[in-house]
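Only heavy atoms go into these numbers, but all of them, side chains included; no hydrogens, no water, no symmetry mates.
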Amino acid sequence: FGFVIYSWYLEDAIYIEELYIRPESRLEGFGTLMVDEVCDIARKAGKKYLVGSVCPAANGSTVSMKALLAYKMQLWRIDGDLIFLSKEL
């Protein structure tokens with residue numbers, strides 16, 4: 001139904017680099033399930049924050065921003081052309 005790519009970010013955070021859900025599987029909760037699993041991995045590794053980003057110029061950026069906000073992430077910082085959001089784990 002899709003995939004998630006993440007990496008360790010800073011010393012206390014995990015960063016969601018990519019999250020993709022096939023169109024026919026969207027709005028079924030698969031994205032939330034995958035991010036929840038990444039958060040579990042991060043907690044077990046001692047990480048304290050989840051970080052995600054949106055490039056406003058990218059196709060689908062509004063949908064991406066809505067998804068991050070729906071996951072209760074909050075604006076963290078802007079760096080160049082990226083808007084970063086974070087959430088305490």
Side-chain angles (χ1 to χ4, degrees):
F1 50 78
F3 65 87
V4 62
I5 300 172
Y6 63 90
S7 62
W8 304 123
Y9 185 73
L10 305 173
E11 67 181 50
D12 62 351
I14 193 162
Y15 175 58
I16 300 290
E17 294 183 27
E18 297 286 337
L19 174 64
Y20 176 78
I21 305 296
R22 282 190 240 151
E24 64 272 13
S25 299
R26 292 178 186 162
L27 302 175
E28 294 183 24
F30 293 120
T32 299
L33 290 173
M34 289 192 292
V35 174
D36 286 347
E37 183 67 26
V38 170
C39 288
D40 288 343
I41 292 167
R43 282 187 203 95
K44 289 176 185 173
K47 303 298 180 181
K48 296 179 182 176
Y49 300 95
L50 172 67
V51 176
S53 63
V54 174
C55 176
N59 288 338
S61 61
T62 299
V63 173
S64 296
M65 180 64 84
K66 286 180 180 180
L68 293 174
L69 292 171
Y71 200 72
K72 308 239 188 285
M73 297 182 79
Q74 297 182 358
L75 292 174
W76 177 41
R77 68 185 179 116
I78 297 173
D79 188 359
D81 64 347
L82 290 177
I83 299 170
F84 287 89
L85 296 94
S86 68
K87 175 182 176 174
E88 192 168 337
L89 296 175

### Query
Got a second to check how far Lys48's NZ is from Ser86's OG, nearest 0.5 Å?
14.0 Å

### Query
Tell me, do Met65 and Leu85 make a side-chain contact under 4.5 Å, heavy atoms counted?
yes

### Message
I need the minimum non-hydrogen distance between Pro56 and Ile83, along with the two atoms involved.
### Response
CG-CD1, 3.6 Å

### Summary
What one should report as the nearest heavy-atom pair of Trp8 and Ala45 is CH2-CB, 3.7 Å

#### Entry: Point-to-point distance, once rounded to the nearest 0.5 Å, from CD of Glu88 to CD of Gln74
10.0 Å

### Message
Holding to side chain to side chain donor-acceptor pair (under 3.5 Å), I want the full list of residues that pass it with Tyr49, two or more places apart in sequence or in another chain.
### Response
none

#### Entry: Side chain Ser25, main chain Ile21, donor-acceptor under 3.5 Å
no

### Partner residues of Glu11 under the salt bridge (Lys or Arg N to Asp or Glu O under 4.0 Å) criterion, sequence neighbours left out
none

#### Entry: Val4 side chain reached by Glu37 side chain, heavy atoms, under 4.5 Å
no

### Message
If I compare all heavy atoms of Ile14 with all of Ala42, which pair ends up nearest, and what's the gap?
### Response
CG2-CB, 3.5 Å

### Task
Compare all side-chain heavy atoms of Cys39 with those of Tyr71 and state whether any distance is below 4.5 angstrom.
yes

#### Entry: Side-chain heavy-atom pair Ile16, Leu68 within 4.5 angstrom cut-off
no

### Query
Could you give all pairs that pass the ring pair (Phe, Tyr, Trp, His ring centres under 6.0 Å) test and reach residues 17-48, with sequence neighbours left out?
Phe1-Phe30, Phe3-Tyr20

### Message
Angle between ring planes, Trp76 versus Phe84, binned at 30° and 60°: parallel, tilted or perpendicular?
### Response
perpendicular

## Note on the structure
d(Leu69 CG, Lys87 NZ) to nearest 0.5 Å is 11.5 Å

